[in-house]
Amino acid sequence: MSSTATALAHANIAFIKYWGNRNTELRLPVNGSISMNLRDMDTRTRVTFDPSLGEDSLTLNGEPQVGHALERVHRLLSRVRAMSGLRHFAAVDSENTFPMGAGIASSASAFAALSLAASTAAGLALPERALSRLARTGSGSASRSIPAGFVEWHTGSTHEDSCAASFASPQHWDLADCIAIVSAEHKATGSTQGHTLAPTSSLQGSRVESAPQRLEICRTAILKRDFTALAEVAELDSNLMHAVMMTSTPPLLYWQPATLAIMHAVQRWRGQGTPAFYTIDAGPNVHVITQQPHVKEIEGRLRQIPGVKDVLVATPGGPAQIV
Ligand code: DP6
């Protein structure tokens, strides 16, 4: 008999970034990270374990996938088979509501939704920590898309204790992420490869060493709803990660001219009293974080910057869920 489950998970944006692993295979990170889930930036995934299938299969937005993407999904399914004792192969059908490969971590929502759907279809009722761990092995940032709202991924030292937990609900703070799309093309160097280059930068050591202080400042700023403190620490952390990227061998330079234009504009707007800060992942797009009453203003201003192709808006999102 076949067994099916469908799950939905949100993407997330990190205010303190994950960059570099101590254990690549298990995705044990060198530093902790903090993020906010993004409502309406979703992956919806259906997993069907079926005794009649001869191999695992994957479709992404209706397109059958082979090669690396399928291999990554297969590895996660195999982990679920080992945990559950189930032997059947699975058909995985996944849809995203946002562009892939452009620095909006689609792998986060993808592996969070896959972990929940696959473990449920396999008859496992995993608690949140175990789900977050499982998702982490598929994509590090996916560990943070399992719990709700504002989330911290604790570094941990083993597979057992490296997982994410929520420290504030989505309703805690009316933040919004205005994502300025500079390019929706697939990035040249994905984050998985990028993480392996992090130790080649002489700046990575000091970034990692000072991460616990930034985590503390960031967590406290969120808990106290202190926008100014969050803006300062999140821009610093994003700049530090990009400094590491730019100084690794080979160097990773994700910014486009429009990326830098937005960074300057955001700092100017904040100087003039509009709550806004930027944070950038492994791509040219810029996440401009503001408070919900200022979304229209920020969105309008971003659209006027040459090179901005579109602006997507997301508010804090809930946990990964069975649908
Ligand atoms: C820059 O989680 O995408 O977005 O574990 O190889 O899938 P893998 O990497 P991934 O890395 C995310 C890197 C980042 C920062 C962050 O989200 O913390």
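Small disclaimer: the values here were computed from a predicted structure and weren't measured. Counting starts at 1 for both ligands and their atoms, in listed order.
- Closest to atom 11 (O) of ligand 1 by heavy atom, among M245, H242, H195, is H195.
- Heavy-atom distances between R136 and ligand 1 stay at or above 4.0 Å for every pair.
- For the ligand labelled ligand 1, residue S107 lies inside the 4.0 Å heavy-atom shell.
- Annotation for L134 and S119: closest pair CD2-CB, 4.3 Å, computed over non-hydrogen atoms.
- Here is the list of ligand 1 atoms found below 4.0 Å of a heavy atom in A282: 1 (C).
- Heavy atoms only, all atoms of each residue included: E128 and P147 are closest at OE2-CB, 3.5 Å.
- Contact check on R75 versus D56 returns no salt bridge, with no Lys/Arg side-chain nitrogen under 4.0 Å from an Asp/Glu carboxylate oxygen.
- Linking ILVMFWY side-chain heavy atoms closer than 4.5 Å, directly or via other members, places V288 and L260 in a single hydrophobic cluster.
- When each atom of ligand 1 is checked for a heavy atom of T192 under 4.0 Å away, the hits are 6 (O), 7 (O), 8 (P).
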Show, in sequence, the C-alpha distance, side-chain angles and deciding distance for D310 and R303, and conclude whether the salt bridge (Lys or Arg N to Asp or Glu O under 4.0 Å) test is met.
CA-CA 7 Å; D310 199 3; R303 285 188 190 278; 3.3 Å; yes

Test R270 against E235 for salt bridge (Lys or Arg N to Asp or Glu O under 4.0 Å), laying out the working first.
CA-CA 12 Å; R270 189 159 79 251; E235 285 189 356; 2.8 Å; yes

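- Distances below 4.0 Å separate heavy atoms of S191 from the following atoms of ligand 1: 3 (O), 9 (O), 10 (P), 11 (O).
- Close approach of ligand 1 to M241 (heavy-atom distance below 4.0 Å) involves ligand atoms 1 (C).
- Looking at S141 next to ligand 1, an N or O pair under 3.5 Å apart turns up.
- The side chain of R144, and not its backbone, has at least one atom closer than 4.0 Å to an atom of ligand 1 (non-hydrogen atoms only; side chain from C-beta on).
- A donor and an acceptor atom, one from each side chain of R144 and S35, are located under 3.5 Å apart.
- If you number the atoms of ligand 1 from 1 as listed, the ones under 4.0 Å from a heavy atom of G140 come out as 2 (O), 5 (O), 7 (O), 8 (P).
- Distances between N or O atoms of Y18 and those of ligand 1 include at least one value under 3.5 Å.
- For S33, no nitrogen or oxygen atom sits less than 3.5 Å from a nitrogen or oxygen atom of ligand 1, counting backbone and side chain alike.
- Here's the thing with S139: one of its N/O atoms is less than 3.5 angstrom from an N/O atom of ligand 1.
- Residue contacts with ligand 1: Q193 is excluded, as none of its non-hydrogen atoms falls under 4.0 Å.
- Tested against W153 for a side chain to side chain donor-acceptor pair (under 3.5 Å), the candidates S141, S132, S162 yield a single pass: S162.
- Atom numbering of ligand 1 starts at 1 in the shown order; those under 4.0 Å from a heavy atom of A14 are 16 (C), 17 (O), 18 (O).
- Where the criterion is an N or O separation shorter than 3.5 Å, residue side chain and backbone included, A142 fails it with respect to ligand 1.
- Considering every non-hydrogen atom in both M246 and P251, the closest pair reads O-CB, 3.2 Å.
- Each of the following atoms of ligand 1 lies closer than 4.0 Å to a heavy atom of R27: 5 (O), 6 (O), 7 (O), 8 (P).
- For the pair R22 and P29, the tightest heavy-atom approach, listed with the atom from each and the gap, is NE-O, 3.5 Å.
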Kindly determine whether K17 and D237 satisfy salt bridge (Lys or Arg N to Asp or Glu O under 4.0 Å), including the steps that lead there.
CA-CA 7 Å; K17 308 290 191 186; D237 193 82; over 6 Å; no

